[in-house]
Amino acid sequence: MRVFKRISQIRKTLQRYKKRSRIIGFVPTMGYLHKGHLSLIKLARKKSQVLVVSIFVNPTQFGPKEDYHRYPRDLNRDLKLLKEEGVDIVFYPSVKEMYPEGYKTYVEVRELSQVMCGISRPTHFCGVTTVVLKLFNIIEPDLAVFGRKDFQQAVIIKRMVKDLNLPIRILTGPIIREPDGLAMSSRNIYLNKIERQRATILFKSLKWAKESYKRGNPDPKKIIRGIKQKIKQHRGRIDYVVAVDKNNLQPVNFLRKGTLIALAVYFGKTRLIDNIIL
Ligand code: AMP
């Protein structure tokens with residue numbers, strides 16, 4: 001496994017593989033890897049001949065009051081895990097390498113980035129699409145894998161790839177959960193013991209919503225109200241709970257197969273997201 005910090009160097013190495021028409025797979029991450037990341041890496045490993053993983057805590061996707069500086073980092077542990085997964089190349093650039101002095105260009109996917117997480121994090125997705133497009137341009141992968149944990153992000157990336165005619169196949173992987181149902185996240189370590197326990201209500205309430213739909217409840221308002229009630233009982237502070245079309249992220253009037261129920265909730269200062277598809 002080779003680790004590159006410099007754009008020019010990773011490009012040079014990847015050019016050699018491209019000349020030999022190798023299928024290049026790519027999984028972007030912010031590091032502090034867990035089984036959710038590793039599941040995407042396993043999926044990408046199966047589909048590609050050369051597998052590239054990036055580790056970059058991208059400052060432009062954090063708001064001014066968000067956790068950029070305290071976001072967890074553990075490069076040595078990450079590299080060990082990536083080696084075990086058979087990753088070929090790790091891209092680990094500095095902030096200066098990605099955003100040198102004078103940097104001015106941002107990519108925006110309209111509308112899709114202004115709903116759901118985009119309401120409380122108005123600059124977040126612009127940072128995400130910008131860094132992902134930069135990484136795509138640096139690595140030029142044939143395919144890239146994203147997690148459905150960040151469902152809105154995956155929808156936005158797919159839209160960007162389509163709109164900007166990028167020759168990259170976007171695959172998504174399922175949400176990987178802790179044994180008690182909490183979606184794995186690098187941010188889960190922020191939770192204290194009692195918050196961690198309370199946070200299990202997120203997946204429980206999503207499962208309740210799906211069961212309620214399956215029992216014949218077609219009303220998104222009732223479902224959203226039910227989810228909110230359960231979360232509040234567990235001291236969660238709700239950012240949003242929505243029932244939307246999984247393709248355009250617009251609210252639905254009736255639940256049907258394929259509807260996305262998504263939420264963002266604070267436990268203490270930690271904001272968690274989760275979702276389920278009916
Ligand atoms: P991050 O390091 O948080 O930027 O996440 C990198 C990638 O891993 C994104 O595509 C996420 O959607 C994905 N991911 C994060 N957590 C999970 C999880 N619990 N299950 C599946 N994918 C995940």
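Counting starts at 1 for both ligands and their atoms, following the listed order.
Ion pairing between a basic and an acidic side chain is recognised when a charged N comes within 4.0 Å of a carboxylate O; Asp67 and Lys269 show no such pairing.
For CD of Glu111, the number of neighbouring non-hydrogen atoms (other residues, nucleotides, ligands) closer than 6.0 Å is 12 at most.
Grouping Ile, Leu, Val, Met, Phe, Trp and Tyr residues whose side-chain heavy atoms lie under 4.5 Å apart, directly or via other members, places Ile176 in a hydrophobic cluster with Met184. Residue Ile194 belongs to no hydrophobic cluster, having no ILVMFWY side-chain heavy atom closer than 4.5 Å to its own.
Protein residues with any heavy atom under 4.0 Å from ligand 1: Pro28, Thr29, Met30, His34, Gly36, His37, Leu40, Tyr71, Phe146, Gly147, Lys149, Asp150, Gln153, Pro174, Ile175, Ile176, Met184.
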Which atom pairs, donor and acceptor, lie under 3.5 Å between side-chain atoms of residues 216-233 and protein residues at least two apart or in another chain?
{"unit_1": "Asn217", "atom_1": "OD1", "unit_2": "Asp219", "atom_2": "N", "d": "2.9"}
{"unit_1": "Asn217", "atom_1": "ND2", "unit_2": "Ser212", "atom_2": "OG", "d": "3.2"}
{"unit_1": "Asp219", "atom_1": "OD1", "unit_2": "Lys221", "atom_2": "N", "d": "2.9"}

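Side-chain contact of Tyr99 with Thr60: a donor-acceptor pair under 3.5 Å is present, judged by distance alone.
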